[in-house]
Every structure is written in C-alpha cells, then in structure tokens.
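A short write-up of the structure that comes next.
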Amino acid sequence: MCGIAGWVAYQRDLRSEQDTVDAMTQTMSCRGPDDAGTWIQGPAALGHRRLAIIDLPGGRQPMTVDTPDGPVAMVYSGEAYNFSELRKELAARGHRFTTDSDTEVVLHGYLEWGEAVAERLNGMYAFAIWDSREQKLVMIRDRMGIKPFYYYATDDGVLFGSEPKAILANPQVRPTVTLDGLRELFAFVKTPGHAVYEGMREVEPGTVVTLTKNGLRTRVYWTLETKQHTDDKDTSIAHVRSLLDDIVRRQLVADVPRCTLLSGGLDSSAMTALAAQQLAAEDKTVRSFAVDFVGQTENFTPDALRDTPDTPFVHDVARASKTEHQDIVLDSDQLADPEVRSKMIRARDIPMGLGDMDASLYLLFKAIREHSTVALSGESADEVFGGYKQFFDPKAREADTFPWLVQFAEHFGDDGNILTEGVTKAMGLDGYIRDSYDTAVRDVQRLDGESDFEYRMRRICYLHLTRFVRVLLDRKDRASMAVGLEVRVPFCDHRLVEYVYNTPWSLKSFDGREKSLLREATADVLPKSVYDRVKSPYPSTQDPQYAVALQGHLKDLLAKPSHPVFDLVSRDWLQRAVKVDVPQITQASRRGLERTLDLALWMDMYSPTITLS
C-alpha cells in the first residue's frame, strides 16, 4: 500500500522540476512512511511513497523495466490478491522476475497485455505507467474504487496523485471550489469522477485513463452488469461461502502483522470468524480491535438506528473465535478535539465528513497502527447484501431519490439551515440531487420479465454499490492511510459483488431479514447472539459532553467575525446553536455544529477560493 504522484508535460523536460516532483511526492508520506522514490525522464515524472507489505526489501518504486524501445516505469498503490497466479502465467510466457512483489507482476502484466492487464487483476489498486515506447501515460483504478486516484489536465499534459493534496502541491494548481464542488460537499451522493476542486477529476472505478500527445482517452473495463441468476437458495448460499473463504484466504497474505476490525455486527464478525478459522489451521491467532466510548455500554440508550451497544457482541465474537482482542476506548474530548478533526480533514482534503464517527475512525486506526500494518474490514457488506434500513423502508424504497437520503432526513433532520440564504439559493441542492439520481438510475439494466418490485430493488442495490459505498470506501482509505495502516475490504471482491448483485431481492432477504445470504453462509462460525442481531451502524457517541465541547470550539470561532467560513455559514444560526442547552440539541443541530467546525478547519488549512457564480 502506498501513495503515488506524477506529472507529464509534453512541452517540458521535467528534470528541471525535481523540487516540485519531490514536493508532490512528499504529500503522500503518510500513505507510505517506509520509503520514497522518484523517477524522471524527459516529459514524465513519477513519485512514490511506500508502505511495505509484501516483499519488504524488493518492492521499491518507481519500478522500471528496460525494453529495446525504451523504459516502462510504474508507480503502484494497492494489492493484487491474485499476483501469485499471474506470476506463474507470466513466467510461463517468458517473463523473468527479480523480486517477490505484486508490483513487479503488475508491471510485467502490462508489458504482456497492455491496458488489458486491468481485467486480469483481483484486488484494490491505483497505478500509473509511463510507457516511453509510445510516449503515453496509462492510469488504472480498481473496479470498486477502493483506492483513490485523481488527475488534473494541464495545457500540455496531466498531474496525478493518490489524493488531491499531491496535485495541489504543484504551483500550477489552486484550490478553487465552484458551486458544483459545494453541492458535492452537501449532497452526499458522490458523483462519479467528481473531485470537488475545479479542474480536478477522479479516475473512475473500473476505468483506464490514457494520456498521449493527442489528449486524454477514457475506457471503462468493468461495470455492474445485469445477468440472469439461475442458482437456487442452497446453491447460492454455498457459492457465497466458497467465495468468502477464498477471498479471506487471499487477503490474509502479508509479510507484516495483520488484524481485523470488529464491530460485533454480522459483517465484521463473519469476516473475523473466517479469518480466525483459517489462521487456526496454521496455529496462528487473529488480532481484533473495536472502538468504544467511555461509558457507552453502561449508559446506552436505544434509538431509531441502534438497538444495542456493540461491545457485548464484540466480546462474544472474540471469545468464540479466540481472537487476541483489544477495545480502543475514546472520550468526548478526543472526539471533539479540533486537532484530531484537522488530521481527518487533511487526510480527506475536503470537509465532507461524518462528525464524531470520522474522528473515532481516525483514532481507532492510529491505535491499531501501533500493533498491526494490515487490517481486514467488513466495509461494503451492507451495500452488497442489502443491510441498511432503507432497503426495507417502504418510503425509501418508493422515493425517486437516493434511498439513504430519505433515512438521513428521518433520523438526523436537515442540517442545510446552517448555510446563509444566498448560498442555499445559489446551490439549488434539491435540483442537483434530482439530476444526479436520474443520471444514476439510467445506467441500471433490467432483466427481461423482471417484476417492477425486483427492478426497483435492483436499482436500490445499484445506487448503493455505485454511489453510497464510494463515500465510505474513500473515508476508510483516507483515515487508515493517514496513519500508515492498510485496510482491506473482502466484501468488495468483484466476484462476490457481481454474484450477489444479480441474486434477486427475494433471495437476498429470503427470511425477511437483512443480509440473509451472508448470515446463512457464515452461520456455522457465528455466535448465536450475532446471528440474531439486528443491523447496527458504525457507533456514534451518546455522551452529551461531546456536543458541549463542540459548542465551546465554535464559540471561539464566533470571536473571529472575519473568518471566511461565514461566507457560507449563517452567523445568526451559529450564535443560536452554541447557546442551546444540551438536552435540546437535536441530531440536526449537532450535525450542523460538526459541519461548521469542519468547514472552518478546512478553510484554515487549504485557503480555498470559493466561487458562487
């Protein structure tokens, strides 16, 4: 796992720009604390920061292969879980390897198959290859968008990086945010390709972007396709289990300490139990970690989203699977600390967070990094198997909008009133969301003879897998890589995603519950308490002192009347919000306080130019 950066400028010799290339690369140091390297030849410059996971001494980058027609150089971030099979196939075709790294396998895969190497990879990856034989740059991102990848077209080429900060480190780029960028920050819909900053784009998941002297070309090599599902229930359950066993086995491969993220929910518990079962066969023990809050279990109050605290279920799994377990217990001062929030905003480059859940995720990963370098996560199982409440809420099912927005409005209220009247009017957020939804559902293919209900549920699954999950994957990646921790997501294996996507909803919920296929496929390794547990989202603190701490920090902000955040946020709203007694602070108000603090910290760090015209 690593951070990459680069620059191609056809009208320049970039050897004179070493300092700029170094600065771009240095912004990725958190993603790669173990090593650094750059490679520059004529119009192309590649930078790399390495987090060593496989073949610790042999996987240095940028990696190059000399050919009779010129060198081919690559910077690579991620893991190819099928690199051993590909290595054997390439060796049979005459390729010779000098390391045991997956990076070298991917580079030789490009030499053998060109851009089509993308279709052969199983994993999470974002990589760029400069092919001097054709004077072209090839940028490839994994199918689900697990690893981030951004680029910025210039007059004579392109800048790229794992994160926007690498591109923003180049003097050619200024952090400008237009109305569309603001809409992305507040819409919670993750428009494919959108990067918030003007002129910047994402390499979309499942896509190859190629740059030549003639410009940029984009090719989609993978997308969610509708296919007939012919397996019966028992066969489907067995196939899901077979896939999960293989996926977990592949993703446990590492030359560094590994662990699992354990929440006590079905997803992370199943993944932890499978990992423990496999490692037990090798006389090894899984380490597991969970986040908790001071007093949360003892004082837990059920609400519309969470019926039970996580910790008792976490401990049930730890005992059943015999993991070496540790709870990371946080207090409200840590969660509200502006320094912690600043680190998360710096990690994400934008103030599009989830409040205390972002802060706790960062602090959890920071604590884990003291013990492990690789962690397996249950992320994306809800999107794949249908686990969220909105999958079962008739109002969310029938709404002609993103179903999670219906749930958000119901449980958290509207935090849009924090903005000034002028900004609210200029953004026209309702229209933006409606257009985004209409664009998204146009891509959903319908089976011949598929009922209206099954087609609507297919659309809901598609929206979660192509819009919602990308928000969470990006959050997970940025928070983990900010502390040099590689988080793997077994439920994002494209084979599993394709298979389960095409199972009809009647199979996904055959017992009337969420994630029926996953529950039955892993029933033999789950404690009964977890098997019977109702879906509970990632935990959020219930300590009222958290909101008090937020109010205190924002009172300090009000003492700075010229702060640019008040170009967006209503000062009148904030003055009222910081005076509200804690029992009267609603979820929407708390969310508004978090949003305001995040916006202010982002402006302090990035000094963005915001245009509302």
Side-chain angles (χ1 to χ4, degrees), residues 118-119 121-126 140-150 180 183-185 187-196 201-209 218-227 229 267 352 379-388 390-391 396-397 399-408 432-447 450 454-478 489-505 508 515:
E119 285 94 321
L121 298 176
N122 176 309
M124 54 180 189
Y125 45 83
I140 299 177
R141 191 177 181 195
D142 66 69
R143 294 169 178 84
M144 291 293 289
I146 305 167
K147 303 310 298 176
F149 201 176
Y150 295 83
D180 269 355
R183 290 168 180 138
E184 282 293 302
L185 293 179
F188 211 84
V189 296
K190 194 69 177 74
T191 302
H194 206 297
V196 176
R201 299 285 296 171
E202 279 189 317
V203 177
E204 293 188 32
T207 298
V208 179
V209 177
T218 298
R219 178 178 70 86
V220 175
Y221 71 87
W222 184 86
T223 188
L224 272 179
E225 295 181 356
T226 296
K227 300 176 182 177
H229 185 82
D267 318 334
M352 186 183 172
E379 191 78 88
S380 82
D382 285 307
E383 290 80 6
V384 174
F385 289 97
Y388 294 116
Q390 57 261 27
F391 283 95
R397 281 174 168 177
D400 288 329
T401 189
F402 298 98
W404 53 89
L405 297 184
V406 177
Q407 285 284 299
F408 288 176
Y432 184 77
I433 292 171
R434 184 171 57 252
D435 291 344
S436 181
Y437 174 79
D438 290 343
T439 299
V441 295
R442 279 200 297 267
D443 293 333
V444 185
Q445 304 159 341
R446 184 171 186 169
L447 275 178
E450 191 169 42
E454 282 289 352
Y455 178 53
R456 178 163 284 277
M457 296 310 298
R458 180 183 294 279
R459 290 202 301 180
I460 290 174
C461 292
Y462 183 91
L463 292 172
H464 280 83
L465 289 167
T466 61
R467 298 299 193 277
F468 190 69
V469 77
R470 292 178 186 175
V471 176
L472 301 183
L473 288 173
D474 185 74
R475 169 178 172 262
K476 181 87 73 180
D477 177 87
R478 303 302 190 86
V489 279
F491 292 108
C492 272
D493 185 291
H494 72 277
R495 298 169 298 163
L496 182 69
V497 172
E498 290 172 347
Y499 185 80
V500 178
Y501 172 68
N502 282 299
T503 58
W505 182 251
K508 288 189 179 79
K515 296 179 285 194

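Contact check for Lys147 versus Asp477: side-chain heavy atoms found under the 4.5 Å cut-off. Val189 has its side chain within reach of Glu184: a pair of non-hydrogen atoms, C-beta onward, lies under 4.5 Å apart. A 4.5 Å side-chain heavy-atom check between Val489 and Met144 finds every atom pair outside the cut-off. Looking at Thr401 and Arg434, their side chains never come closer than 4.5 Å, going by heavy atoms from C-beta outward. Residues Arg442 and Asp438 have side chains in contact (heavy-atom distance under 4.5 Å, counting atoms from C-beta outward). Looking at heavy atoms from C-beta onward, Val406 lies out of side-chain contact with Gln390 at the 4.5 angstrom threshold. Inter-residue side-chain proximity for Val497 and Leu224 is flagged as met; some heavy-atom pair is nearer than 4.5 Å. Within the 4.5 Å cutoff, the side chain of Tyr432 has heavy atoms near those of the Thr191 side chain.
Of the listed residues (Arg201, Arg470, Glu202), just one forms a side chain to side chain contact (heavy atoms under 4.5 Å, CB included) with Pro192, and that residue is Arg470. When Lys227, His229, Arg458, Glu225 are each tested for a side chain to side chain donor-acceptor pair (under 3.5 Å) with Asn502, only one passes: Arg458. For the side chain to side chain contact (heavy atoms under 4.5 Å, CB included) with Glu383, the lone residue among Val469, Leu473, Thr466, Leu463 that qualifies is Val469.
Put simply, the side chain of Arg143 gets close to the backbone of Leu121: a donor and an acceptor are under 3.5 Å apart. Between the side chain of Arg141 and the main chain of Val203, a donor-acceptor pair closer than 3.5 Å is present.
Between Tyr501 and Tyr462, the ring planes lie tilted relative to each other; the angle falls in the 30° to 60° range. Taking the six-membered ring where tryptophan is involved, the planes of Trp404 and Phe468 are tilted, since the angle between them lies from 30° to 60°.
Using a 4.0 Å cut-off between charged side-chain N and carboxylate O, Asp443 and Arg459 make no salt bridge.
Remark: aromatic rings of His464 and Phe402 are distant, center separation not under 6.0 Å.
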